[in-house]
Amino acid sequence: MTQHAGPACPPVGVLALQGDVAEHIAALTAVGAAAVPVRRPEQLDEIGGLIIPGGESTTIWKLAVAFDLMEPVRKRIGAGLPAFGCCAGMIMLADRMVDGTGGQETFGGIDMTVRRNAFGRQVDSFESDIELRGIAGPPLRAVFIRAPWVERTGPGVEVLGMDAGTDRIVAVRQGPLLATAFHPELTPDVRLHQLFVDIVREQS
Amino acid sequence: MSVSTSAQTSADRVFDEAARGAGAAQTGTARVKRGMAEMLKGGVIMDVVTSDQAKIAEDAGAVAVMALERVPADIRAQGGVARMSDPDMIDQIIAAVSIPVMAKCRIGHFAEAQVLQAIGVDYIDESEVLTPADEAHHVDKWKFTVPFVCGSTNLGEALRRIAEGAAMIRSKGEAGTGNVVEATRHMRQIRAEMLRLATLPAEELYAAAKELRAPYELVAEVAAAGRLPVVLFTAGGIATPADAAMMMQLGAEGVFVGSGIFKSGDPASRAAAIVKATTFYEDPDVIAKVSRGLGEPMVGINLDTLPPEQHYADRGW
């Protein structure tokens, strides 16, 4: 499965405030990209793309506020930095959110409304196969953990995939921004990370 | 428990479930249970006894709360049999916060675990802090959709719990003491035993499994990967931001704080400080900054003053 991103690919950051950072770094490494954990605003200048991992979106938001990352990340995304958010990361990339907790904010970037914990509690968490637009080959095994879904998308947002059980949108792309409600980093299948690294290379 | 060499490895379980799935949606797979713990990494899970405390924990940036009737320090002080919490109280906490809610069952008390699953808690802690219900057997955790976390003092104990289906491990430490020394011992012990396994030639892993009293397949898996097949948190005595940072530097992937927050002078500030210290555990400047102005920490207990029957870490088999 290992492919090489080539010398033209700048380092890809993984927002390392909380969540499954190590799995994203491993997936990026598997597709040949240099991966760096990002905890400080100044580190945003050294990367050509940013992954926002799964975790607890309230915790990631609180820490991003406390360590002065909200505005710098918004500014970089607004200026065209490619970003890929999974689960909590999808919430952080959404322009609008329902079922957030007291004043919860996102980085934004993708013109969509997401619902937090939409699939239910942990006993409802599941894995299933999903066909994704733009991903060749067999379906992906998608792992949904207390996952959000997308309620509405704006005109510029391309829907990449739907969950078959609920008919809900669970994967989207808007320009260089990618988001999934599920966790590709929890399986050995690195096709979505390859797609993101391709986007990073095109944008650099 | 039997240490069978024909036991499936944890990786086989994950693989079989995926193969069996053949496209269909499946709940309660090992990947879904272990994956939930992956999402808690780098975070702090806080003991709470009321919905108000749960809100304070969520506002401070906790990744989850542990709903229980009495924090360990009070269980120690008050004595008596400590059991699963009242379902009404767990419901109130579930209703109060949007983050995951965990709850404890007694060691081996599978019916308490069934109740907690029915209530809809997100994780069950089969915990030595409660009074054990079975002196030989832990809960068969593979039978549940909800994932379990279990305490361990060493690698063999961790692997026995994983063999029973635990999807997350935490050090036991010594809960309710505000004294980090036992958690330190357990984290160092687990790490040292994993490092040792990784150095052994393959033919010595059989004897190593026998010494650890753990299934050979799991021992071989740890030897190859250099780590547990599930997430490893720390628990039991963490009371300050520096305690959390020390545990993270010793290899913990996240932190449980029990009595340390709500038995201190200023719970909201202390909770937020421990959250920050857990993320920036390698940055002493941040730890120093967040350690200021937190008020009184919980009063600690020196372990040599604890009678042997009050050593919770000895519970579990």
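So you know, we letter chains A, B, ... as the sequences are listed, proteins then strands, and number each from 1. Computation of the quantities below employed the complete heavy-atom set of this structure, encompassing side-chain atoms and omitting hydrogens, waters and symmetry-equivalent molecules.
- Going from atom OG1 of B/T240 over to atom CD1 of B/I274 covers 6.5 Å, rounded to the nearest 0.5 Å.
- When heavy atoms are compared at a cutoff of 4.5 Å, A/V123 approaches chain B by way of both its backbone and its side chain.
- Rounding to the nearest 0.5 Å gives a distance of 10.5 Å between CD1 of B/I119 and CE of B/M89.
- For A/L186, the parts lying near chain B are the backbone and the side chain together; criterion is any non-hydrogen pair under 4.5 Å.
- The closest side-chain heavy-atom distance from A/T166 to A/F144 is not below 4.5 Å.
- The residue among B/P147, B/G42, B/G61 with the most heavy atom pairs within less than 4.5 Å of chain A is B/G61.
- Heavy-atom distances place the backbone of A/A16, and not its side chain, under 4.5 Å from chain B.
- For the set B/V44, B/I99, B/L40, the count of heavy-atom pairs under 4.5 angstrom toward chain A peaks at B/I99.
- Between A/D124 and A/R121, none of the side-chain N atoms (NZ, or NE/NH1/NH2) sits under 4.0 Å from a carboxylate O, so this pair counts as no salt bridge.
- Proximity of a side-chain donor or acceptor of A/T106 to a complementary backbone N or O of A/A94 within less than 3.5 Å is detected.
- Ranked by heavy-atom pairs under 4.5 Å with chain B, the list A/E23, A/R116, A/E56, A/Q104 is led by A/E56.
- When heavy atoms are compared at a cutoff of 4.5 Å, B/A62 approaches chain A solely by way of its backbone atoms N, CA, C and O.
- Salt-bridge annotation for A/E158 and A/R173: absent, with no side-chain N of the basic residue lying under 4.0 Å from a carboxylate O of the acidic one.
- Contact count versus chain A (heavy atoms, under 4.5 Å) is highest, among B/V275, B/T279, B/D122, for B/D122.
- Contact of B/V286 with chain A is made through the side chain alone, with heavy-atom distances under 4.5 Å.
- In this structure, no portion of B/F144 lies under 4.5 Å from any heavy atom of chain A.
- Of the listed residues (A/E185, A/Q18, A/K62), the greatest number of heavy-atom pairs within a distance under 4.5 Å of chain B belongs to A/Q18.
- Between B/D125 and B/K104 there is a salt bridge, since a side-chain N of the basic residue sits under 4.0 Å from a carboxylate O of the acidic one.
- A distance of 5.0 Å separates CE of B/M102 from CE of B/M168, quoted to the nearest 0.5 Å.
- Side-chain atoms of A/T153 do not come within 3.5 Å of backbone N or O of A/M112 as any donor-acceptor pair.
- Ranked by heavy-atom pairs shorter than 4.5 Å toward chain A, the options B/G120, B/A37, B/G43, B/A272 are led by B/G120.
- B/E58 touches chain A through backbone and side chain together, each having a heavy atom under 4.5 Å away.
- Using a 4.5 Å cut-off between heavy atoms, A/S125 touches chain B through backbone and side chain atoms alike.
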